[in-house]
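Every number for a ligand or one of its atoms is a count from 1 in the order of the listing. Numbering of residues begins at 1 and proceeds along the displayed sequence. Scope of the values below: all heavy atoms of this structure, side chains included, with no hydrogens, waters or symmetry mates.
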Amino acid sequence: MKPKDSGRRSFLKNSAALAGLAVGAVRTASGQSAPSENSSERPKDLHAYGERSRYETSARLGSMGLYDPAPEGYHRDFGYRTPIQDSVGYITPASVHFMIAHGYEPPDIDPAEHHLLIHGLVEKPLIFSMSDLKRFPSVTRAHFVECNANGAPAGPTGKYRIAPEATAQDTHGYTSCSLWTGVPLSTILKHVGVKAEAKWIIGEGSENGKHTKSIPIEKAMDDALIAYGQNGEALRPQQGYPIRLLVPGWEGINNVKWLRKIKLVEEPYMGMWESTKYPSLRPDGLSRWFQFQMGPRTVITRPSGGQKLDGPGFYEISGLAWSGGGAVRSIEVSTDNGKTWREAEIQSPVYPKAHVRFGFGWEWNGEETILQSRCTDELGERQPSVVELAKFWKVEPDFFIKTGTIPGHFNAIQPWKINSDGSVQNAISF
Ligand SMILES: Nc1nc2c(c(=O)[nH]1)N[C@H]1C(S)=C(S)[C@@H](COP(=O)(O)O)O[C@H]1N2
Ligand SMILES: [Mo]
C-alpha cells in the first residue's frame, strides 16, 4: 500500500470519527441522549473529559493517615503534597492541588442536596442552595492556598526537613495556586445583614470531623470568597466540592472545605484544630493562637532536590514566589550560596496573594554550588534566611529542629546544593 493511500485512509477514518462526535454532541445538547442526570458513571467517550498523556506521571504524594501508623523517619504522612517540582506556570492543575483533610476522606456530596446555613448574629438567618449561591454576581481570582505546615521543621514531618534527599514536593508541597470562582463572602453577609456585635465568623465543614475555623469579621468582609469553581470547572472533591471558603493569603486552615454552616459570633470558638495542632509553641512555653497571614516565600522548583543536571552549560533556574501580604514586588536568586543576589525575571501575571513564576538564566560551570531564592512583597517584607527567621523569633536556629516546633510560620529561604555530578540535594541547615 502506498504511504499516500494510508494517509488518506486515516484521514477519512478520523473525519468519520469527528462526524460521529459532532452528532453525539448535538444529540446531547438537545437532550435526546444525555446521560442520566444522577449517573455517577464516567463518560465512555475518551475525549468527552480529557486525560493527560500516559507519558505524564507527576502526582501527589502522601496519605490520609493521622500521624499513625508512622514508620521511623517517615515524611509523607497526613495529607497529599503537590508535585511542585514538576510545575510550570503559576496555576496548579486541580488534579494535583495539595490536599489536607484531617483524617477524613472527602465526603461524597450531591450539590442538589447541599445547603449553606448562615446564622448567629445576623438580621435574617438564611439557608442557601447551590443554585441560590450561583444567582449572586461571581468573581474569579488567582490565589494560593498554603498550609502553615508547609516545609516546617516541626511535627513528625519536620525530621525529614533536613534530609539531603528531600525533594521540593517534600519541602514545599503544601502550597498550590488556582483560579477560584465564587461569590464574595461580603455579598452574602450583607444579604443576611451583619449585626454590630458580630466580630468573628465560624465556618464548618460537612465531613464527619466537621472541621471548624474562627475567622475575624474584617477578613470575611474584605476578600474572602465562597468558592464553587476551580480553574474553570467545579471544585474537586479534594478541594471542598461543592463549596469552600477561600480566605486569600491566610493560613490554609481557614479555607473551610465542604462548607455547610457559617455562624456569626462575638468571640472565636476554640475549634479542635485551631486550638490544638495549629498554634505555635513559643520558647516561653506558651502557644501563639490565631496566626493568619502567610509571609513572603519562594522555592526554586527546577533544579531542585532529587533532580539532576546534564553537565555544565546554560540552565534556566525556575521557581515560584508568593506572599499572603499581597503582591510579590521582586524576586532575587543567588547562585553562590547567598554571597551575591540578582533580580530574577517575573514570568507570569502578578496577582496579590497568588503564586508568581520566576526565571533566572544561569551558566553552570560544573562546580559544586548552592542555589537560593527570596522575594519581597508589596509590604516591603523580605523572605528571611533560617538565621534571620530565628533572630526574628528570638531563638537559636537549632531551636526549630531541637524542639520540633517554631514560634510562628516557617518561610525561610530554601537552599539547593548542586553537586559536581549534577545531582541536586536539600541543603537547609539549622
Ligand atoms: N472541611 C475541612 N476543611 C479544611 C480542612 C479539613 O480538614 N476539613 N483542612 C484545612 C487545612 S489545614 C488546609 S491547609 C486547607 C487545604 O486546602 P486544600 O486541601 O484544598 O489544599 O484546607 C483547610 N480546610
Ligand atoms: Mo493546614
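- Residues forming a salt bridge (charged side-chain N to carboxylate O under 4.0 Å, His left out) with Asp86 (at least two apart in sequence, or on another chain): none.
- Side chains of His355 and Ser348: a donor-acceptor N/O pair is absent below 3.5 angstrom, by distance only.
- In this structure, Glu381 has no salt bridge (charged side-chain N to carboxylate O under 4.0 Å, His left out) partners at least two apart in sequence or on a different chain.
- The residues lining ligand 1, counting any heavy atom closer than 4.0 Å, are His97, Phe98, Met99, Ile100, Ala101, His102, Val145, Cys147, Gly205, Glu207, His211, Gln238, Gln239, Arg244, Gly252, Ile253, Asn255, Val256, Lys257, Trp258, Tyr278.
- In this pair, Phe410 and Phe430 present their aromatic rings tilted. The plane angle is within the 30 to 60° band.
- Residue pairs that meet the ring-ring contact (aromatic ring centres under 6.0 Å, His included) test with at least one member in residues 229-251, sequence neighbours left out, are Trp250-Phe292.
- A cation-pi arrangement is present between Arg244 and Trp180 under the rule of less than 6.0 angstrom and at most 45 degrees off the ring axis.
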